[in-house]
Number of protein chains: 2
Amino acid sequence: MTRDERMKKMQAFVRMHKSSTIQEIADMLGVSHMTVRRDLNTLSEFDSLRVIHGGVIYREEETEHSDRYSIGQAKTTMYAEKLRIAQKAVSLIESDDIIIIDAGSTGELIAELLPEDIPLTVICYALNIATVVSSKKNCSLIVTGGYFHQSSMVLESNEGLQLLKQNRANKTFITASGVNVELGVTCSNFFERTTKQTALHSASMRILVADSSKFGVVRTGHYADVEDFDIIITDTGVQEEELNPLRHIEHLTVYRV
Amino acid sequence: MTRDERMKKMQAFVRMHKSSTIQEIADMLGVSHMTVRRDLNTLSEFDSLRVIHGGVIYREEETEHSDRYSIGQAKTTMYAEKLRIAQKAVSLIESDDIIIIDAGSTGELIAELLPEDIPLTVICYALNIATVVSSKKNCSLIVTGGYFHQSSMVLESNEGLQLLKQNRANKTFITASGVNVELGVTCSNFFERTTKQTALHSASMRILVADSSKFGVVRTGHYADVEDFDIIITDTGVQEEELNPLRHIEHLTVYRV
DNA sequence: TTTGAAATGTTAAATAATTAACAATTATGT
DNA sequence: ACATAATTGTTAATTATTTAACATTTCAAA
């Protein structure tokens with residue numbers, strides 16, 4: 001077995017198992033721990049491996065090629081706020097709910113925090129969210145398929161939209177790149193508009209989750225107005241005065257957590 | 001912040017980042033490393049966390065609830081053989097190929113080993129495989145959506161099948177639970193049959209990847225005969241004599257790696 | 001085959017993480 | 001508000017991993 005072969009095996013092993021200890025790899029390959037360490041150090045320069053005290057971890061977002069998964073960046077920014085927003089969002093979920101979860105890091109957090117003690121059905125179109133939900137107990141999952149978009153992790157296709165239309169939900173959690181009282185709710189990618197609009201129209205309760213950094217911002221793709229939502233959840237980073245115009249919309253409830 | 005809140009945050013953090021060090025979590029929560037350790041030990045009893053020397057790792061397959069993801073088991077059995085089979089399989093891949101990868105652990109390994117230096121298009125219907133391919137460079141990805149099946153990680157729906165039919169491929173890598181010269185190629189789940197058959201009919205070169213433990217075995221769902229394939233890749237665990245009937249099929253190439 | 005270079009294995013010293021015991025703090029019921 | 005229990009923080013001892021230096025093996029070129 002050549003050095004390259006060994007490193008390929010090591011890479012595949014770590015990727016498949018998400019992580020490993022040095023010892024596990026050494027045993028698997030029948031080489032010394034020093035060889036594993038040396039290989040791992042080399043690999044970590046090229047691949048998304050993180051060598052920690054005691055083992056290795058495979059994680060995509062830590063790579064230099066992070067442009068391929070731009071959510072990785074968004075994940076850490078406003079993490080505390082997004083967590084609070086997601087916590088408030090999942091508190092609205094009841095037994096036997098059918099929920100649509102939109103793409104984005106806040107959506108992923110909602111998926112992570114989904115209660116596992118009540119039966120739920122989740123419909124989603126982002127690959128990362130599908131993966132999170134797939135390991136949830138008590139949860140049926142429908143993923144609308146299609147062409148994968150690296151930047152947002154979204155799967156997009158006519159067939160997917162059809163599936164989304166055919167499956168009605170009682171709650172939909174929608175994310176946004178920009179929330180502006182006058183100019184409405186916007187996203188960055190044009191193709192996302194249709195998906196988000198379909199998600200909105202397939203559910204009875206429409207919940208907008210957007211942290212304070214999104215407020216006042218305007219992006220290209222307009223897909224809804226603030227009054228199209230029943231609930232808006234944001235964080236304390238938005239001044240109460242800024243939310244006043246929203247407070248006056250009769251059917252709209254605004255949570256600031 | 002209550003203990004439960006803290007543990008929820010910890011869980012979400014580790015799941016989202018796939019892994020973490022004790023220090024990272026302690027810093028994130030502003031608590032001592034001892035508290036993190038104690039919480040993590042409690043969490044690891046209920047959740048799929050693996051606490052290693054230096055950090056924590058989230059990995060689904062290591063859970064007691066392993067019935068929810070039965071591929072987890074299959075992953076480790078025949079790992080070395082599956083790796084060789086997958087290596088042979090990817091060696092057949094050429095630039096600009098459009099390939100379909102079937103569900104299963106060997107399929108996942110093929111996805112892991114996909115070359116990243118040539119442009120490819122991958123079509124798949126298993127969530128785990130989609131996730132692996134999504135992080136590959138130089139690779140377009142189409143995921144046929146649908147209802148998620150826990151046991152095989154497959155997404156299944158009419159819309160998905162439609163998408164699969166509409167996208168032709170030049171190579172398709174199909175897995176099987178049973179390969180029997182007389183009774184044909186079989187799978188365990190009935191619903192998988194249609195998907196596998198559609199995958200077969202959408203591609204010009206049909207490659208069956210099956211380790212030696214599958215040979216001679218017969219399962220319920222018959223979806224093809226051995227002569228429907230152009231290439232069969234298996235391992236040295238199959239006796240050469242057993243493969244003789246296959247060697248006599250004219251258009252069929254058999255690799256034993 | 002010989003020789004040198006590269007790769008791998010082995011060991012002991014250095015470093016880091018874990019455990020356990022106790023102190024300090026925080027929560028809970030009366 | 002008090003006392004008690006539970007939780008959390010701190011520290012030192014223990015245990016494990018890593019590093020570095022050197023020995024050994026392997027491979028390739030002469």
Side-chain angles (χ1 to χ4, degrees), chain A residues 1-59 62-63 79-80 83-84 87 91 113 117 257, chain B residues 1-59 62-64 76 79-80 83-84 87 91 113:
Chain A
M1 182 170 57
T2 71
R3 186 161 184 267
D4 280 0
E5 280 177 336
R6 190 181 59 221
M7 277 168 68
K8 264 263 173 236
K9 285 192 182 185
M10 206 175 288
Q11 189 182 42
F13 186 84
V14 175
R15 285 193 175 200
M16 176 164 261
H17 292 83
K18 310 285 191 290
S19 62
S20 181
T21 62
I22 306 284
Q23 199 52 55
E24 273 179 349
I25 301 172
D27 290 348
M28 188 268 274
L29 295 168
V31 295
S32 78
H33 70 104
M34 249 347 275
T35 304
V36 177
R37 279 178 214 290
R38 283 188 269 246
D39 287 355
L40 245 25
N41 286 335
T42 310
L43 269 176
S44 65
E45 289 172 28
F46 302 102
D47 198 4
S48 322
L49 297 179
R50 181 190 190 195
V51 183
I52 65 163
H53 207 274
V56 231
I57 290 159
Y58 173 72
R59 49 175 187 185
E62 288 251 315
T63 175
Y79 182 81
L83 193 59
R84 290 203 301 276
Q87 272 169 338
S91 75
L113 298 176
D117 53 348
V257 292
Chain B
M1 182 171 54
T2 72
R3 188 162 181 265
D4 280 1
E5 278 177 339
R6 190 181 60 223
M7 278 169 68
K8 265 267 172 233
K9 283 191 182 182
M10 207 176 287
Q11 189 181 42
F13 186 84
V14 175
R15 286 193 173 200
M16 178 164 260
H17 293 83
K18 308 287 190 292
S19 62
S20 180
T21 61
I22 307 284
Q23 199 52 57
E24 273 180 350
I25 301 172
D27 291 348
M28 187 268 275
L29 295 167
V31 294
S32 77
H33 70 105
M34 256 335 284
T35 305
V36 177
R37 279 179 214 289
R38 282 189 270 246
D39 287 355
L40 243 27
N41 285 336
T42 310
L43 270 175
S44 65
E45 289 173 29
F46 302 101
D47 199 5
S48 322
L49 297 178
R50 181 190 190 194
V51 182
I52 64 165
H53 209 272
V56 231
I57 291 157
Y58 174 71
R59 51 175 187 185
E62 288 251 315
T63 174
E64 331 82 273
T76 31
Y79 181 81
L83 193 59
R84 290 203 303 276
Q87 271 168 339
S91 74
L113 298 176

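The sequence lines fix the lettering, A, B, ..., with proteins before strands; numbering per chain opens at 1. Note that this is a predicted model, so its numbers are computed, not measured. What you see below is based on every heavy atom in this structure, not just the backbone, and it leaves out hydrogens, waters and symmetry mates.
Looking at Q87(A) and V257(A), their side chains never come closer than 4.5 Å, going by heavy atoms from C-beta outward. Between Q11(B) and M7(B), the closest side-chain pair of non-hydrogen atoms is not below 4.5 Å. The side-chain heavy atoms of V31(A) and I25(A), taken from C-beta on, include no pair separated by under 4.5 Å.
Atom CZ in R38(B) sits about 8 Å away from atom C1' in dT7(D), given to the nearest Å. As rounded to whole Å, 16 Å separates atom P of dA12(D) from atom CE of M34(B). Counting to the nearest Å, the C1' atom of dT15(C) and the CD atom of Q23(B) are 15 Å from each other.
In terms of phosphate contacts, R6(B) brings a side-chain nitrogen or oxygen within less than 4.0 Å of OP1 or OP2 of dT8(D). The shortest distance between the side-chain N/O atoms of S32(A) and the OP1/OP2 oxygens of dG9(C) is below 4.0 Å.
Comparing dT19(C), dT10(C), dG9(C) by their closest approach to the side chain of H33(A) singles out dT10(C). Closest approach to the R37(B) side chain among dT10(D), dT18(C), dT10(C) is made by dT18(C) (side chain taken as heavy atoms from C-beta onward).
Here the NZ atom belonging to K9(A) is positioned 7.0 Å from the CG atom belonging to L29(A), to the nearest 0.5 angstrom.
Over its length, the helix from dT1(C)-dA30(D) to dT30(C)-dA1(D) turns its helix axis by 40°, as judged from the five terminal pairs at each end, rounded to 10°.
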